Each structure stands twice: as structure tokens, then as C-alpha cells.
Amino acid sequence: MSVLVYTESENGKFKKNAFEVASYGYLLAQELNTELTAICINAENPKELENFGVGKVLNVKEAKLPSFNAMAYANVISQALEQENSSQIVLSSSTDTKYMAGILSGKLDAGYCPNVVAAPININPLTLKRAVFSNKGFANTEIKTPIAIIGVSSNAFGVIENKVDAEVLDFVPNIEDSDLGVASVAIDKITGKATIADADIVVSGGRGLKGPENWGMIEELANVLGAATACSKPVSDLGWRPHSEHVGQTGKPVASNLYIAIGISGAIQHLAGVNSSKVKLVINTDPEAPFFKAADYGVVGDAFEVVPELIEKLKEFKAQNA
Ligand code: FAD
């Protein structure tokens with residue numbers, strides 16, 4: 001019996017949230033006085049997980065799963081759970097994992113708690129603190145089913161190193177044709193750019209930027225910081241930026257370490273999706289803009305003056321500290 005963590009990877013590389021869920025799983029395993037086992041699918045370096053307390057890695061190398069597939073992944077994880085006789089599964093709260101966890105929950109009759117933001121409040125009964133109401137509040141949630149699925153929020157618990165010596169074992173799941181009824185046949189991905197879901201820093205622009213021709217400075221600021229770019233809903237509705245950059249209640253959620261909002265008023269629907277970012281910096285000409293109430297740092301000023309200056313200062317700082 002052990003705690004099982006599902007560690008996400010993309011193109012063979014572990015995502016940052018893989019190390020975060022491993023860190024969470026390690027703490028849970030310590031509390032339960034048991035071992036920590038991870039399952040990974042087509043990861044290049046499964047042994048990397050030993051840095052975060054994983055003692056055993058079930059390594060799936062499966063050509064039938066070249067990319068994420070919710071049904072098939074749920075099936076693979078449930079087989080690992082059965083083999084390990086685990087009662088707790090820890091995974092991330094990414095879009096893919098949330099989609100898959102619902103299927104897994106149905107398959108295992110397991111209670112599922114997503115958006116968990118802290119270590120368990122209590123182990124028996126398992127009580128978890130999770131973000132609710134678009135990150136405007138918290139709920140303490142008990143899971144009473146024999147199997148519990150715990151979805152950890154990005155950047156909430158953190159990555160904690162706990163070096164152990166992991167044994168890596170090949171795990172060969174039984175994949176049914178019915179699992180592959182829906183599959184991605186081609187993925188066209190923008191390369192070389194941080195994605196909103198994984199980025200530590202997100203630079204986001206709103207209608208205050210006046211038009212798509214002014215996005216050069218947003219891109220440049222993002223480049224200097226190694227950040228992803230995002231935008232408010234009207235900006236993507238107007239076709240200034242692609243819909244893939246739209247963040248908020250009806251767009252992508254952001255849970256970065258730093259969110260920089262430039263020329264965005266801070267409407268409730270925007271805040272709903274970005275509120276769980278750790279630090280929020282707002283640049284806006286209007287001191288009454290609602291975003292300032294939610295911000296950690298605010299600059300009242302014209303983006304067309306502040307952003308170029310910020311870029312210059314950051315470049316100087318990087319050059320001095322290279
Ligand atoms: P505005 O509200 O027009 O704000 C522009 C800001 O730029 C202002 O605060 C202004 O002071 C500032 N500004 C102007 N010039 C400058 C300058 N030179 N320098 C610096 N600042 C400047 N919105 C989302 O973003 N995401 C969502 O997911 C979303 N979902 C929605 C769902 C529903 C059902 C509804 C009804 C609305 C939703 N909206 C969403 C829209 C939301 O209500 C707001 O209309 C939207 O967020 C406003 O976008 P904005 O801040 O870019 O534009």
C-alpha cells in the first residue's frame with residue numbers, strides 16, 4: 001500500500017506541477033506512514049522524481065499514447081492504483097488532469113477534490129482546503145470514500161526537495177481499443193514560448209493598449225522575463241490577440257507566481273480567473289481601476305511610458321547580473 005501520484009509530462013519532460021504533486025504526495029505518505037509511488041507516461045527521465053521523495057516510479061512507455069488521452073490515462077492510473085493497492089491518488093489541477101480525474105473518479109467510485117491549496121488539514125477523515133467560487137473563497141472538504149483523489153492547485157503548495165533513491169519499474173498497462181475512441185491526431189503547438197498554464201510569470205494586456213499594433217512591448221516584456229503572454233476577453237474578441245491567450249472566468253485560468261496586468265480594468269470575470277496568482281502587479285492610468293484592490297503592487301501610469309521603462313530596467317538588471 002502506498003500513496004500514488006500521477007506526474008504529468010509533455011514531450012517527455014516533466015511539467016513543474018509533477019514535482020509539486022510529488023512534494024505533496026511525499027508529505028501525505030509521511031503522515032500516513034507509508035511509501036510514495038509515482039506513475040508517469042512516456043517521461044524521458046523518470047528517476048528525476050526521486051528528488052521529490054518518490055521511492056518507486058511506475059514507468060509507462062507506450063507508443064499508443066503519444067499525447068494526453070483522458071480515457072486511456074484514467075484506465076492506466078486505475079490499473080496502477082490496483083497494483084499498488086493505494087487509497088490516495090495525488091495529481092495536479094491542470095485542465096487535462098481535471099478532465100481525466102472526473103473519469104477516474106467514476107471508474108473507482110472515488111471522492112475527488114480539485115483545487116487543493118494546502119497540506120491536508122486532517123488525515124482521518126481526510127479533510128482538504130480547496131479554493132472555491134473562482135478563487136474568492138476556501139472550503140474545507142472531507143472525502144469519506146475509501147479511495148480519495150486529491151487535485152493540487154498550481155503554485156499553491158510549492159516544490160519541496162526530499163532526496164531519496166527511487167527504483168524505476170516498467171509498468172505495462174492493458175490499453176483497450178475503447179480507451180482510444182477519441183484521440184488527438186495532430187497537435188499544432190506554438191513552440192519556444194512559455195504556456196499560460198506552466199509559466200511562472202504571465203504578462204497580460206487589456207483594452208487599455210488601444211490596438212494590436214501595440215503588443216510589441218507586451219511580447220518584449222514577456223521575453224525579458226521568460227513569461228507567457230495573455231489578454232483580457234475583449235482583446236481576443238476584437239481579434240487583437242488569439243483566443244488561446246484569453247484569461248479569466250470564461251478563458252484560461254492563471255495560477256502563476258507573478259501576474260502583470262497592463263491596461264486591464266479588473267472586472268470581476270477577469271479577476272475570477274487570475275486571482276490565484278501569488279503576486280499581482282497592475283499598471284493602469286486610472287487610480288480607481290478595480291484591479292488595484294486585488295493587486296499586490298500597483299503603478300498608476302501610462303502603459304506606453306511605464307512598460308518601455310520597465311523593459312529597459314530589467315535588461316540593465318539582467319546584464320549586470322548575467
Ligand atoms: P476595459 O474594461 O475597457 O479596461 C481598460 C483599462 O485600461 C481601464 O482600466 C483603463 O483605465 C486602462 N487604460 C487605458 N489606457 C491606458 C494606458 N495608456 N495605460 C494603462 N492603462 C490604461 N473578461 C475577461 O478578461 N476574461 C473573462 O474570462 C471574461 N469573461 C466574461 C464573462 C461574462 C459572462 C461577461 C459578461 C464578461 C466577461 N468578461 C471577461 C468581460 C469583463 O466583464 C470586462 O468587460 C473585461 O475584462 C474588460 O477588459 P479590459 O480590462 O481589457 O477592458
Side-chain angles (χ1 to χ4, degrees), residues 93-96 98-99 114-115 131-137 153-156 190 193-199 201-225 227-314:
S93 286
S94 71
T95 310
D96 280 353
K98 273 185 176 166
Y99 177 28
N115 302 328
V132 291
F133 301 124
S134 301
N135 299 312
K136 283 194 156 300
S153 265
S154 285
N155 292 320
I190 298 159
K193 276 187 78 176
T195 62
I196 291 170
D198 294 329
I201 306 176
V202 173
V203 177
S204 190
R207 208 150 43 177
L209 288 167
K210 324 285 188 222
E213 66 281 5
N214 296 322
W215 242 262
M217 64 182 183
I218 301 292
E219 297 271 8
E220 196 177 354
L221 180 58
N223 273 342
V224 177
L225 291 168
T229 50
C231 67
S232 65
K233 182 174 184 297
V235 164
S236 66
D237 287 348
L238 287 162
W240 296 358
R241 297 298 290 176
H243 275 289
S244 56
E245 288 196 359
H246 157 202
V247 296
Q249 187 185 325
T250 49
K252 286 195 174 139
V254 181
S256 54
N257 278 322
L258 173 63
Y259 182 71
I260 305 179
I262 304 169
I264 300 177
S265 55
I268 191 162
Q269 298 90 353
H270 185 87
L271 291 177
V274 306
N275 239 343
S276 57
S277 292
K278 274 229 170 90
V279 176
K280 292 173 279 290
L281 162 66
V282 171
I283 302 169
N284 197 307
T285 41
D286 177 8
E288 301 300 320
F291 217 143
F292 283 117
K293 290 208 177 80
D296 299 281
Y297 298 95
V299 179
V300 178
D302 186 338
F304 295 94
E305 290 167 17
V306 177
V307 174
E309 217 168 302
L310 185 58
I311 293 168
E312 280 318 303
K313 292 280 178 222
L314 284 165

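Not measured: the values here are computed from a predicted model. Quick note: residue numbers are just sequence positions, from 1. Both ligands and their constituent atoms are indexed starting at 1 by order of listing.
When only non-hydrogen protein atoms are considered, atom 19 (N) of ligand 1 lies nearest to A303 N, 2.9 Å. Ranking protein heavy atoms by distance to atom 22 (C) of ligand 1, first place goes to T285 OG1, 3.3 Å. Here the heavy atom of the protein found nearest to atom 9 (O) of ligand 1 is N284 ND2, 2.9 Å. Here the protein heavy atom with the shortest distance to atom 52 (O) of ligand 1 is S232 OG, 2.6 Å. Here the protein heavy atom with the shortest distance to atom 18 (N) of ligand 1 is D302 OD1, 2.9 Å. Looking only at protein heavy atoms, the nearest one to atom 7 (O) of ligand 1 is G263 O, 3.1 Å. Scanning the protein heavy atoms around atom 44 (C) of ligand 1, the nearest turns out to be A267 CB, 3.5 Å. Scanning the protein for heavy atoms near atom 25 (O) of ligand 1, the closest one is H270 ND1, 2.7 Å.
For the atom pair CG of L314 and CD of E309, the computed distance is 11.5 Å after rounding to the nearest 0.5 Å. With rounding to the nearest 0.5 Å, the separation of CZ in F292 from CD1 in I283 is 9.0 Å. D296 contributes atom CG, which lies 5.5 Å from atom NZ of K280 (distance to the nearest 0.5 angstrom). Between the CD atom of E245 and the CH2 atom of W215 there is a distance of 8.5 Å, given to the nearest 0.5 Å. Distance CG/L225 to CD1/I201: 4.5 Å, rounded to 0.5 Å. The distance from atom CE of M217 to atom CZ of F304, rounded to the nearest 0.5 Å, is 4.5 Å.
Using a 3.5 Å distance cut-off with no hydrogens or angles, the side chains of S277 and S256 do pair a donor with an acceptor.
Relative to atom 36 (C) of ligand 1, the option among K252, E305, K210, Q269 with the closest non-hydrogen atom is Q269.
Contact record, S204 with S232: OG-N, 4.5 Å, taken as the closest heavy-atom pair. Residues H243 and S236 come closest through the heavy atom pair ND1-OG, 3.3 Å. Considering every non-hydrogen atom in both A303 and I262, the closest pair reads CB-CG2, 3.5 Å.
Heavy-atom separations between P234 and ligand 1 include at least one value shorter than 4.0 Å. Taking 4.0 Å as the cut-off, G205 does not count as a neighbour of ligand 1 on heavy-atom distance. Under a 4.0 angstrom heavy-atom cut-off, V247 registers as being in contact with ligand 1.
Aromatic ring orientation, Y259 versus H270: tilted (interplanar angle from 30° to 60°).
Within the 4.0 Å cut-off (strictly below), a protein heavy atom is located near atom 40 (C) of ligand 1.
Close approach to G301 involves these atoms of ligand 1, each under 4.0 Å from a residue heavy atom: 19 (N), 20 (C). Residue-ligand proximity, G206 to ligand 1, at heavy-atom distances under 4.0 Å covers atoms 52 (O). In the vicinity of F304, heavy-atom distances shorter than 4.0 Å reach the ligand 1 atoms 18 (N). Below 4.0 Å from some heavy atom of G251 lie the following atoms of ligand 1, by number and element: 28 (O). Close contacts between ligand 1 and Q249 involve ligand atoms 27 (C), 28 (O) [criterion: under 4.0 Å to a heavy atom].
Of all the heavy atoms of S265, the ones lying under 4.0 Å from any atom of ligand 1 are found in both the backbone and the side chain. Neither the backbone nor the side chain of F291 has a heavy atom within less than 4.0 Å of ligand 1.
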Where do E219 and R241 land on the salt bridge (Lys or Arg N to Asp or Glu O under 4.0 Å) test, with the steps shown first? CA-CA 11 Å; E219 297 271 8; R241 297 298 290 176; 2.8 Å; yes
